[in-house]
Amino acid sequence: MFRIVAVEDAALRDSYCRTCKIESDAGALAYAALDISDTGDTDLIAVCTFTLAGGEVSRIKLGSINDGDEAVLILLLTVADFLRRCGYRSIAADSTVAPFAARVGFRKADGGFVLDLTAPHGCAESRGEE
């Protein structure tokens, strides 16, 4: 089992970023995927940092302990949905999203990746919604 949580403490965000080997940007916000064991122990699976400044494009970084863990994909989708609900039109990401880019809908652009948050997703298209 795992859960996705907002990381509200800057020191904890920085610690998670170091553990996942990504740079922590001052002022960035973050969500983390945490493994919740039956014993009550909580272990970090992944962290995703993002910006809420800069207009219509949010910049994200994704770091994980194990890129094969499905929780990382769900974390990335959660951050994308949060940013879409906040009114962002797209997400710019560096190579840290590469293992998940195709599954989420990122396209390669300018040495990184871009996700258009205004494009209809598969579920809406199948229902005939725009």
Side-chain angles (χ1 to χ4, degrees):
M1 293 287 301
F2 69 93
R3 69 179 173 173
I4 307 295
V5 298
V7 181
E8 297 175 355
D9 179 81
L12 185 58
R13 178 201 65 218
D14 294 346
S15 173
Y16 284 173
C17 287
R18 275 192 305 278
T19 299
C20 291
K21 298 179 176 46
I22 63 171
E23 185 178 332
S24 178
D25 296 329
L29 302 175
Y31 276 100
L34 302 175
D35 184 6
I36 306 167
S37 70
D38 293 335
T39 63
D41 292 334
T42 302
D43 293 319
L44 177 66
I45 298 170
V47 64
C48 184
T49 64
F50 56 94
T51 60
L52 286 181
E56 298 179 345
V57 178
S58 180
R59 304 205 181 289
I60 69 166
K61 291 181 186 173
L62 179 68
S64 67
I65 304 300
N66 176 2
D67 284 344
D69 196 317
E70 288 295 311
V72 184
L73 176 65
I74 293 169
L75 172 63
L76 187 53
L77 290 168
T78 299
V79 170
D81 187 57
F82 173 76
L83 292 168
R84 182 187 58 77
R85 289 172 185 260
C86 287
Y88 281 82
R89 299 182 60 78
S90 65
I91 296 173
D94 60 14
S95 63
T96 58
V97 301
F100 306 97
R103 292 173 68 187
V104 176
F106 280 90
R107 63 178 170 74
K108 285 189 176 187
D110 299 325
F113 295 88
V114 174
L115 177 64
D116 181 357
L117 297 175
T118 64
H121 60 285
C123 294
E125 281 182 332
S126 68
R127 292 191 306 264
E129 298 174 7
E130 303 232 357

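Since this is a predicted model, take the numbers as computed values, not measurements.
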Of all heavy-atom pairs between [X] and [Y], which one has the smallest distance, and what is that distance?
| X | Y | result |
| --- | --- | --- |
| Ser90 | Val114 | CB-CG1, 4.4 Å |
| Arg13 | Ser24 | NE-OG, 3.0 Å |
| Leu75 | Ala33 | CD2-N, 4.0 Å |

**Q.** For Ile65, all residues meeting side-chain contact (heavy atoms from CB on, under 4.5 Å), sequence neighbours excluded
**A.** Thr19, Cys20
**Q.** Contacts of Ser64 that satisfy side-chain contact (heavy atoms from CB on, under 4.5 Å) - sequence neighbours left out
**A.** Ala46, Asp67, Val72
Q: Among residues two or more places apart or on two chains, list those pairs meeting ring-ring contact (aromatic ring centres under 6.0 Å, His included) that have a residue in residues 65-84.
A: Tyr31-Phe82, Phe50-Phe82
Q. What residue pairs, at least two apart or across chains, pass ring-ring contact (aromatic ring centres under 6.0 Å, His included) with a residue in residues 86-106?
A. none
Q) Of Cys48, Ser95, Pro99, which is the lone residue that meets side-chain contact (heavy atoms from CB on, under 4.5 Å) with Leu62? A) Cys48
Q: Please lay out, stage by stage, how Leu83 and Leu52 fare under the test side chain to side chain contact (heavy atoms under 4.5 Å, CB included).
A: CA-CA 8 Å; Leu83 292 168; Leu52 286 181; 3.7 Å; yes
Q: Could you list the residues that satisfy side-chain hydrogen bond (donor to acceptor under 3.5 Å, both in side chains) with Thr96, not counting sequence neighbours?
A: Asp94
Q: Not counting sequence neighbours, which residues clear salt bridge (Lys or Arg N to Asp or Glu O under 4.0 Å) with Arg89? List them please.
A: Glu56
Q. Taking only residues two or more places apart in sequence, or in another chain, which ones meet Arg85 in a salt bridge (Lys or Arg N to Asp or Glu O under 4.0 Å)?
A. Asp81
Q: Please list all pairs passing the salt bridge (charged side-chain N to carboxylate O under 4.0 Å, His left out) test where one or both residues lie in residues 98-109, with sequence neighbours left out.
A: Glu70-Arg103
**Q.** salt bridge (charged side-chain N to carboxylate O under 4.0 Å, His left out) partners of residues 14-28, not counting sequence neighbours, each pair once
**A.** Asp25-Lys61
List the atom pairs, with distances to 0.1 Å, where a side-chain N or O of residues 2-11 and a protein N or O form a donor-acceptor pair under 3.5 Å, not counting sequence neighbours.
| unit_1 | atom_1 | unit_2 | atom_2 | d |
| --- | --- | --- | --- | --- |
| Asp9 | OD2 | Ala11 | N | 3.2 |
| Asp9 | OD2 | Leu12 | N | 2.7 |

Q: Could you please spell out the steps behind the side chain to side chain contact (heavy atoms under 4.5 Å, CB included) verdict for Leu34 and Leu44?
A: CA-CA 5 Å; Leu34 302 175; Leu44 177 66; 4.0 Å; yes
Q: Take atom CG of Asp110 as the centre, draw a 6.0 Å sphere, and report whether it contains more than 12 heavy atoms from other residues, nucleotides or ligands.
A: no
Q. Rounded to the nearest 0.5 Å, how far apart are CG of Leu115 and CZ of Arg84?
A. 11.0 Å
Q: Look only at the side chain of Ser58 and the backbone of Thr51, and say whether a donor-acceptor pair between them is shorter than 3.5 Å.
A: yes
Q) Between Ile60 and Leu76, is a side chain to side chain contact (heavy atoms under 4.5 Å, CB included) present by the stated rule, with each step listed? A) CA-CA 9 Å; Ile60 69 166; Leu76 187 53; 3.6 Å; yes
